[in-house]
Amino acid sequence: MKKTIGNRIRKIRKTKGITQEEISDLLGISQSTYQRIESGETYSWATHLEKLSKILEFKPEDLFSDKPIEYYEKRIEELEERIEELERKK
């Protein structure tokens with residue numbers, strides 16, 4: 001589970017275009033400590049969950065969803081394309 005949560009946090013962070021260094025600074029921890037969160041070497045993500053969710057703008061329960069983040073990213077892309085289609089029809 002540690003690795004799954006870490007991978008999901010990493011994907012969210014990358015989607016937002018934020019570096020590990022930026023996140024670690026905002027959390028007040030070292031970059032190496034943050035890297036261990038993303039690599040699944042530690043459960044300390046739980047300590048920082050509330051702050052992480054605010055920084056990366058996600059709901060904590062999203063980390064435990066059965067659907068992978070890629071599903072949501074693809075769905076967002078589809079919806080954005082649909083919005084563009086509708087706007088062209090105006």
Side-chain angles (χ1 to χ4, degrees):
M1 177 147 176
K2 289 186 295 186
K3 288 190 181 221
T4 301
I5 299 297
N7 284 333
R8 289 179 180 170
I9 292 169
R10 177 184 303 116
K11 287 178 182 181
I12 293 168
R13 176 185 59 78
K14 286 185 173 186
T15 299
K16 300 287 183 179
I18 301 172
T19 66
Q20 284 188 345
E21 185 176 0
E22 291 169 324
I23 292 284
S24 61
D25 286 345
L26 291 168
L27 293 174
I29 59 176
S30 69
Q31 185 174 352
S32 62
T33 298
Y34 181 77
Q35 186 278 326
R36 286 193 296 278
I37 290 172
E38 285 192 357
S39 67
E41 296 174 32
T42 179
Y43 281 110
S44 67
W45 58 265
T47 304
H48 304 287
L49 184 57
E50 184 177 348
K51 207 167 184 179
L52 273 169
S53 67
K54 287 179 183 176
I55 294 167
L56 296 174
E57 301 172 330
F58 68 87
K59 295 178 188 171
E61 59 268 20
D62 292 345
L63 292 180
F64 306 99
S65 173
D66 290 339
K67 293 183 181 179
I69 290 173
E70 292 85 5
Y71 167 83
Y72 296 106
E73 290 171 342
K74 183 172 176 27
R75 186 69 181 127
I76 289 169
E77 187 177 312
E78 291 168 353
L79 291 171
E80 287 173 343
E81 289 172 3
R82 181 69 178 135
I83 289 168
E84 287 177 17
E85 284 177 31
L86 293 170
E87 287 177 343
R88 283 193 298 268
K89 291 181 179 181
K90 286 184 180 179

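Residue numbers run from 1 in the order of the sequence given.
Taking each heavy atom of E22 and G17 in turn, the nearest pair found is OE1-O, 4.2 Å. The two residues L56 and K16 come nearest to each other via the heavy atoms O-CE, 2.9 Å. Closest approach of L27 to H48, counting heavy atoms only: CD2-CB, 4.1 Å.
Under 3.5 Å, the side chains of T19 and E21 contain no donor-acceptor pair of N or O atoms. T47 and S44 form no side-chain donor-acceptor contact under 3.5 Å, judged by distance and modelled atom types alone.
Judged by distance alone, the side chain of R10 and the main-chain N or O of E38 form a donor-acceptor pair under 3.5 Å.
In this structure, L49 CG and K51 NZ are separated by 13.0 Å, a value rounded to the nearest 0.5 Å. A distance of 11.0 Å separates CD in Q20 from CD1 in I9, rounded to the nearest 0.5 Å. Taking CG of L63 as the reference point, atom CZ of F58 lies at 4.0 Å (rounded to 0.5 Å).
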Quiz item: Could you walk me through whether L52 and I23 pass the side chain to side chain contact (heavy atoms under 4.5 Å, CB included) check?
Solution: CA-CA 8 Å; L52 273 169; I23 292 284; 4.0 Å; yes
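Between K74 and E77, no side-chain nitrogen of the basic residue sits less than 4.0 Å from a carboxylate oxygen of the acidic one, so the salt-bridge criterion is not met. Between K54 and E50, at least one side-chain N (NZ, or NE/NH1/NH2) sits under 4.0 Å from a carboxylate O, which counts as a salt bridge. Between K11 and E73, none of the side-chain N atoms (NZ, or NE/NH1/NH2) sits under 4.0 Å from a carboxylate O, so this pair counts as no salt bridge.
Taking 4.5 Å as the limit, every side-chain heavy atom of I18 sits out of range of all side-chain heavy atoms of L26. Contact of the R13 side chain with the Y34 side chain is registered, since non-hydrogen atoms from C-beta on lie closer than 4.5 Å.
Partners of E61 by salt bridge (charged side-chain N to carboxylate O under 4.0 Å, His left out), not counting sequence neighbours: none found. Listed by chain and number, the residues in a salt bridge (charged side-chain N to carboxylate O under 4.0 Å, His left out) with R88 amount to none (sequence neighbours excluded).
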